[in-house]
> 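My questions will all concern the structure given below.
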Amino acid sequence: MRILVTGSTGKLGSALLKQLKDLDYQVKITSRRKPEGEAFPWVYSDLLSGEGLEEAVKDVDVIIHAATSPIKNSKSIEVAGLEKLLSKLNHIHLFIYPSIVGIEEIPFQYYRLKYEAEELLKNSSVPYTIARATQFHSFVEDLLLSKPLFKRYIIPGKVKFQSIDVNEFARHLIDLVNKGPQGKLDDFCGPEIMTLREMAELKIKVNNETNDVLSIPLPGKLYNSLIEGKNTNPLQKKGIITYEEFLRNKLNYI
């Protein structure tokens, strides 16, 4: 089986490649910049311009599309770039698209674009599997719990997350390779639902920090949708590694 991984330098892409190294697949990667120290063959391509896409997808059976751009050129990458890529895929057996839980219910531009991309894929002739996940443990920590201010985590504490380990989701995607197109799968979610305040307090405990937590409310529909847990799915607790285990594993790694 010949697999192409896009977005190989991101957290998900890196987790995919780490696991694919130990498996019996022919793997190549594609991006605008060549990753340093990567053993897999690399092909240049640019989702913005479409340059190199035809060469990148040549002679592959399955594509895991981990390329994404939440901040810069989001519409050009998530939707227009995907459309360019799909136009080159008359030959592949499966296109695996990682997505995010609750994107049709959360008023956030990047999520709306991910949902638009899902619809684009569904309406294409390309055989596909859409695999949604909740936020990664590392995403929540890096974005919201990385830098205390004046010895406090100042956060929207009532926001809920059902975070998951990125390596577990990568394993889930790789397990889909030989199953053929599945359409849109059930959500792949973390083992527990916690408020951001609970996550911050847990980080303080695990790391023996002297920081405190200041929870502040935020206005708007986005904040309310996250308080309501639109980014979670309590019926689909498929992950095993908890946020606490993630924190402790990180300590051991350091």
Side-chain angles (χ1 to χ4, degrees), residues 1-45 47 52-68 82 85-86 88-101 114 117-118 121 126-139 163-191 236-242 245-246 249-250 252-253:
M1 188 74 72
R2 299 163 299 183
I3 300 174
L4 174 70
V5 178
T6 70
S8 55
T9 58
K11 286 194 180 294
L12 178 57
S14 298
L16 285 165
L17 297 187
K18 182 179 178 181
Q19 297 186 42
L20 284 166
K21 286 176 182 176
D22 298 324
L23 301 175
D24 190 23
Y25 292 117
Q26 296 179 46
V27 179
K28 67 177 177 176
I29 60 180
T30 186
S31 58
R32 286 190 297 169
R33 297 179 183 85
K34 185 176 182 179
E36 294 183 7
E38 185 50 63
F40 291 119
W42 169 80
V43 179
Y44 168 84
S45 69
L47 285 167
L53 291 179
E54 193 163 344
E55 180 64 24
V57 304
K58 188 170 70 174
D59 298 327
V60 298
D61 304 303
V62 176
I63 295 175
I64 305 179
H65 187 51
T68 190
L82 177 61
L85 181 58
L86 294 177
K88 311 293 184 185
L89 305 183
N90 297 321
H91 61 292
I92 70 163
H93 302 294
L94 176 61
F95 188 90
I96 299 175
Y97 184 74
S99 192
I100 305 169
V101 171
K114 294 291 285 185
E118 285 188 2
L121 182 56
V126 175
Y128 70 89
T129 297
I130 295 172
R132 288 185 175 186
T134 46
Q135 287 76 26
F136 301 141
H137 295 317
S138 55
F139 168 85
S163 59
I164 193 165
D165 186 81
V166 65
N167 296 297
E168 287 189 295
F169 186 54
R171 178 76 257 178
H172 173 60
L173 296 179
I174 293 169
D175 287 344
L176 298 172
V177 166
N178 291 311
K179 294 184 177 180
Q182 303 286 305
K184 181 178 174 293
L185 297 176
D186 290 338
D187 297 337
F188 194 88
C189 305
Q236 299 294 337
K237 296 182 179 181
K238 297 181 180 179
I240 296 173
I241 298 173
T242 65
E245 289 173 309
F246 161 78
N249 289 339
K250 190 174 177 181
N252 292 334
Y253 179 78

> Any idea which heavy atoms bring Pro35 and Ile29 closest together, and the distance?
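Looking at all heavy atoms of both residues, the closest pair is CG-CD1, 3.8 Å.
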> Test side-chain contact (heavy atoms from CB on, under 4.5 Å) on Val166 and His137; report intermediate values, then the result.
CA-CA 7 Å; Val166 65; His137 295 317; over 6 Å; no
> Roughly how far apart are Lys250 NZ and Ser138 OG, rounded to 0.5 Å?
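If I round to the nearest 0.5 Å, the distance is 8.0 Å.
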> Evaluate side chain to side chain donor-acceptor pair (under 3.5 Å) for Trp42 paired with Thr30, printing each intermediate quantity in order.
CA-CA 6 Å; Trp42 169 80; Thr30 186; 5.6 Å; no
> If you define the side chain from C-beta out and look only at heavy atoms, does anything of Thr68 sit under 4.5 Å from Leu12?
no
> Heavy-atom count check: over 12 atoms from other residues, nucleotides or ligands less than 6.0 Å from Ile240 CD1?
no
> Should we count NZ of Lys34 as having more than 12 external heavy atoms under 6.0 Å?
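No.
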> Tell me, yes or no, whether the heavy-atom count around Arg171 atom CZ, taken from other residues, nucleotides or ligands under 6.0 Å, exceeds 12.
yes
> Which residues pass the side chain to side chain contact (heavy atoms under 4.5 Å, CB included) test with Ser99, not counting sequence neighbours?
Tyr97, Ile103, Lys114, Glu118, Ile130, Arg132
> Would you indicate whether the side-chain heavy atoms of Val101 and Gln135 approach each other to under 4.5 Å?
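A side-chain contact is absent here, since even the closest heavy-atom pair is not under 4.5 Å.
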> Checking Lys18 now: which residues fulfil side chain to side chain contact (heavy atoms under 4.5 Å, CB included) with it, not counting sequence neighbours?
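With neighbours one apart ignored, the set is empty.
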> What pairs with Asp59 under salt bridge (charged side-chain N to carboxylate O under 4.0 Å, His left out), at least two apart in sequence or on another chain?
none
> Can you check whether Val57's main-chain N or O pairs, donor with acceptor, with His91's side chain at less than 3.5 Å?
yes
> Nearest heavy-atom pair of Thr6 and Ala67: which atoms, and what distance?
OG1-N, 3.1 Å
> Could you list the residues that satisfy side chain to side chain contact (heavy atoms under 4.5 Å, CB included) with Glu55, not counting sequence neighbours?
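Expected list: Val43, Lys58.
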> Could you tell me which non-hydrogen atom of Gln19 sits nearest to which non-hydrogen atom of Ala170, and how far apart they are?
NE2-CB, 3.6 Å
> Show the nearest heavy-atom pair for residues Lys28 and Val60, with the distance to one decimal.
CE-CG1, 3.4 Å
> CG of Asp165 to CZ of Phe246: how many Å apart, nearest 0.5 Å?
7.5 Å
> Applying side-chain hydrogen bond (donor to acceptor under 3.5 Å, both in side chains), name anything that partners Ser8, two or more places apart in sequence or on another chain.
none
> Can you tell which of Val177, Ile63, Leu16 makes a side-chain contact (heavy atoms from CB on, under 4.5 Å) with Ile96?
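With Ile96 as partner, Val177, Ile63, Leu16 yield a single side-chain contact (heavy atoms from CB on, under 4.5 Å), made by Val177.
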> Indicate the atoms forming the closest heavy-atom contact of Lys88 with Leu53, along with that distance.
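That would be CG-CB, 4.3 Å.
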> Excluding sequence neighbours, so at least two apart, what forms side-chain hydrogen bond (donor to acceptor under 3.5 Å, both in side chains) with Lys238?
Gln236
> Quick one: pull up CD1 in Ile174 and CG in Asn178 and give me the separation to the nearest 0.5 Å.
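Spacing of CD1 (Ile174) from CG (Asn178) equals 11.0 Å.
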> With sequence neighbours excluded, what pairs up with His65 under the ring pair (Phe, Tyr, Trp, His ring centres under 6.0 Å) test?
Phe95
> Do Thr9 and Arg33 make a side-chain contact, defined as non-hydrogen atoms from C-beta onward lying under 4.5 Å apart?
no
> Please enumerate all residues that pass side chain to side chain contact (heavy atoms under 4.5 Å, CB included) together with Lys179, with sequence neighbours excluded.
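By the side chain to side chain contact (heavy atoms under 4.5 Å, CB included) rule, Lys179 matches Leu176, Gln182.
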> Taking all non-hydrogen atoms of both residues, which atom of Thr134 and which atom of Gly190 are closest, and how far apart?
OG1-N, 3.4 Å
> Answer with yes or no whether the side chains of Asp61 and Tyr25 bring together a donor and an acceptor at under 3.5 Å.
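Result is no, nothing qualifies.
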> Looking at residues at least two apart in the chain, or sitting in another chain, which of them share a side-chain hydrogen bond (donor to acceptor under 3.5 Å, both in side chains) with Tyr44?
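So Tyr44 forms no side-chain hydrogen bond (donor to acceptor under 3.5 Å, both in side chains) with any residue.
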> Are Val27 and Arg2 packed together at the side-chain level, in the sense that at least one heavy-atom pair is separated by less than 4.5 angstrom?
no
> Hey, what do you get for CD1 (Ile164) to CD1 (Ile241), rounding to the nearest 0.5 Å?
9.0 Å
> Restricting to pairs with a member in residues 180-189, which pass salt bridge (Lys or Arg N to Asp or Glu O under 4.0 Å), not counting sequence neighbours?
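Qualifying pairs, neighbours excluded: none.
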> When rounded to the nearest 0.5 angstrom, what is the spacing between CD1 in Ile3 and CZ in Phe40?
9.0 Å
> Mind checking salt bridge (charged side-chain N to carboxylate O under 4.0 Å, His left out) for Lys11 and listing every partner two or more places apart, or none if nothing turns up?
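Salt bridge (charged side-chain N to carboxylate O under 4.0 Å, His left out) list for Lys11, sorted by chain: Asp142.
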> Between Lys237 (side chain only) and Cys189 (backbone N and O only), is there a donor and an acceptor less than 3.5 Å apart?
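Between the backbone of Cys189 and the side chain of Lys237 there is no qualifying donor-acceptor contact (under 3.5 Å).
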> Can you name the side-chain hydrogen bond (donor to acceptor under 3.5 Å, both in side chains) partners of Ser14, sequence neighbours left out?
none
> Less than 4.5 Å apart, any side-chain heavy atom of Ile64 and any of Leu4?
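Ile64 vs Leu4: side chains apart.
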